Protein chains: 2
Amino acid sequence: MGYSRQREMLLSVLKDTKSHPTANAIYEEMRKRDPKVSLGTVYRNLALLTESGIILRIDTEHDSVHYDGFTHPHYHFVCNGCGEVSDLSINPIGIEAEVEKETGGSVAGHTLVFYGKCKKCK
Amino acid sequence: MGYSRQREMLLSVLKDTKSHPTANAIYEEMRKRDPKVSLGTVYRNLALLTESGIILRIDTEHDSVHYDGFTHPHYHFVCNGCGEVSDLSINPIGIEAEVEKETGGSVAGHTLVFYGKCKKCK
DNA sequence: GAGATAATCAGTAACGATTACTAAATTTAT
DNA sequence: ATAAATTTAGTAATCGTTACTGATTATCTC
């Protein structure tokens, strides 16, 4: 994976926010800096960066996919009211070995998402 | 939520399999029993049954949403190779209270998905 | 059980997120 | 500086899902 101005810009957008934007939100933010950037470019780079483990994708039971620029292991809380996705600081659980034993396969990672009402929406 | 032949059929399909079919797979299975069943009906009932907590939806990083007829608390393993979703029997984790404390909100549930290669694909 | 009321359906159209494609521009290698 | 490889913008196509409508089926009341 080489360098490109757009890819750098995407990474910078994602590193500069504590929110967990969707592809479209990232696109809008990038367009402020360069109105000529293309939505296809956003999706292509999100896929590339996700595959490389440089960013994280977050699948929720609501709306479309969210992305996270921080890859140190952590979990997420999704509000069923406003849909906001926020980081949690609870410690990572260590049960991948157990899962490997049970499945006979290999585990590369896991995602843990909590659902509920956030402070505001409760 | 009332009774309907199609809704019963959907539930029966979901209870009769240990796989975790997508909406479309469920649709195909239902069509074998009744060729006139509609895809819209499948989606509508999946949404209703999910809201009522009678079935479970599983969001993964691959393809479309999968559904699970068993709602006792359990977790899932998704193969990055073949995409198969399987049940795990590891014990539920008890950290929702901790999440409530951290967020100041209320937690209604959580999903835990492991990714990797299954026995066959490894 | 018959008729009224409400829920649900089949079928199809519309939608929104994502992916695929192509010729032009940019980056990298020589 | 030139050639080769990668990436882009822009747009069209795809796919999962949702919305809509008039017809059907279930439920309720007598």
Side-chain angles (χ1 to χ4, degrees), chain A residues 1-14 19-52 54-68 78 80 82-85 113, chain B residues 1-14 19-52 54-68 78 80 83-85 111 113:
Chain A
M1 198 172 46
Y3 154 94
S4 91
R5 195 174 50 79
Q6 292 85 340
R7 188 169 300 153
E8 295 287 311
M9 194 192 299
L10 193 163
L11 266 173
S12 140
V13 165
L14 218 41
S19 83
H20 301 78
T22 60
N24 199 65
I26 294 168
Y27 173 57
E28 292 300 342
E29 185 57 35
M30 288 174 73
R31 290 227 294 184
K32 290 183 191 165
R33 309 191 193 178
D34 173 6
K36 289 197 72 55
V37 78
S38 161
L39 184 56
T41 299
V42 174
Y43 274 104
R44 183 164 22 77
N45 282 303
L46 284 173
L48 280 168
L49 293 167
T50 301
E51 278 166 37
S52 314
I54 296 169
I55 66 174
L56 233 58
R57 65 174 276 168
I58 310 168
D59 295 86
T60 81
E61 299 188 359
H62 312 296
D63 56 34
S64 58
V65 180
H66 293 250
Y67 291 88
D68 190 333
V78 179
N80 289 330
C82 62
E84 194 182 70
V85 179
V113 181
Chain B
M1 196 170 47
Y3 154 93
S4 93
R5 196 175 49 81
Q6 292 85 342
R7 190 169 298 152
E8 294 287 310
M9 194 193 298
L10 194 162
L11 267 173
S12 141
V13 165
L14 218 41
S19 84
H20 301 76
T22 60
N24 200 65
I26 294 167
Y27 173 56
E28 293 299 343
E29 185 57 33
M30 288 174 73
R31 290 228 293 184
K32 289 183 191 163
R33 310 191 192 179
D34 173 7
K36 289 197 72 54
V37 78
S38 161
L39 184 55
T41 298
V42 174
Y43 274 105
R44 183 165 23 77
N45 282 303
L46 284 173
L48 279 169
L49 294 167
T50 302
E51 277 167 37
S52 313
I54 296 169
I55 65 173
L56 234 57
R57 64 174 275 167
I58 310 168
D59 296 85
T60 79
E61 298 189 358
H62 312 296
D63 55 37
S64 59
V65 180
H66 292 249
Y67 291 87
D68 191 332
V78 179
N80 289 330
E84 193 182 67
V85 179
T111 61
V113 181

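These numbers come from a predicted model, not from an experiment. Here is the naming used below: chain letters follow the sequence lines, and residue numbers restart at 1 for every chain.
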Exercise. Which residues satisfy the salt bridge (charged side-chain N to carboxylate O under 4.0 Å, His left out) test with B:Asp63, sequence neighbours excluded?
Worked result: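 If we apply the salt bridge (charged side-chain N to carboxylate O under 4.0 Å, His left out) test to B:Asp63, skipping adjacent residues, there are no hits.
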Exercise. What parts of residues 33-45 of chain B reach DNA chain C, counting only heavy atoms under 4.0 Å away?
Worked result: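 Only B:Lys36, B:Val37, B:Ser38, B:Thr41, B:Arg44, B:Asn45 qualify.
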Exercise. What nucleotide, of C:dT8, D:dG16, C:dT18, holds the atom closest to the side chain of B:Ser64?
Worked result: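 So the side chain of B:Ser64 is nearest to D:dG16.
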Just how far, in rounded Å, is [atom2] of [N] from [atom1] of [X]?
X       : N      : atom1 : atom2 : value
B:Asp59 : C:dT18 : CG    : P     : 12 Å
B:Leu48 : C:dA7  : CG    : C1'   : 11 Å
A:Asn24 : C:dT18 : CG    : P     : 9 Å
A:His66 : C:dT18 : NE2   : P     : 10 Å
B:Met9  : D:dA26 : CE    : C1'   : 15 Å
A:Glu28 : C:dA17 : CD    : P     : 11 Å
B:Arg7  : C:dA7  : CZ    : P     : 11 Å
B:Asp63 : C:dT19 : CG    : C1'   : 15 Å

Exercise. Given the rule in the side chain to side chain contact (heavy atoms under 4.5 Å, CB included) test, do A:Val65 and B:Glu61 qualify, once you have shown the distances and angles that lead to the verdict?
Worked result: CA-CA 9 Å; A:Val65 180; B:Glu61 298 189 358; over 6 Å; no
Problem set entry | Contacts of A:His66 that satisfy ring-ring contact (aromatic ring centres under 6.0 Å, His included) - sequence neighbours left out |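 Once residues adjacent in sequence are excluded, A:His66 has no partner under the ring-ring contact (aromatic ring centres under 6.0 Å, His included) criterion.
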For this session: Find out whether B:Tyr67 and B:Ile58 are in side-chain contact, i.e. whether some heavy atom of one side chain is under 4.5 Å from a heavy atom of the other.
Result: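 No; the side chains remain at least 4.5 Å from each other.
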Exercise. Taking it one step at a time, do B:Leu46 and B:Leu10 satisfy side chain to side chain contact (heavy atoms under 4.5 Å, CB included)?
Worked result: CA-CA 8 Å; B:Leu46 284 173; B:Leu10 194 162; 3.9 Å; yes
For this session: May I have the step-by-step check of salt bridge (Lys or Arg N to Asp or Glu O under 4.0 Å) for A:Asp34 and A:Arg5, ending in yes or no?
Result: CA-CA 10 Å; A:Asp34 173 6; A:Arg5 195 174 50 79; 3.2 Å; yes
Exercise. In chain order, what residues pass the side chain to side chain donor-acceptor pair (under 3.5 Å) check against B:Lys32, with sequence neighbours excluded?
Worked result: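 B:Lys32 satisfies side chain to side chain donor-acceptor pair (under 3.5 Å) with B:Glu29 only.
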Problem set entry | Any residue meeting side chain to side chain contact (heavy atoms under 4.5 Å, CB included) with B:Tyr27, in chain and number order, not counting sequence neighbours |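 Checked B:Tyr27 against side chain to side chain contact (heavy atoms under 4.5 Å, CB included); matches are B:Asn24, B:Arg31, B:Val37, B:Leu39, B:Val42.
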Exercise. Going by atom types only, do A:Arg7 and A:Thr41 share a side-chain donor-acceptor pair under 3.5 Å?
Worked result: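 Side-chain D/A pair, A:Arg7 to A:Thr41: absent.
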For this session: Would you give a per-nucleotide map of nucleotides 25-30 of chain C, 5' to 3', where B means the base has a protein non-hydrogen atom under 4.0 Å away, S means only the sugar-phosphate does, and - means neither?
Result: --SS--
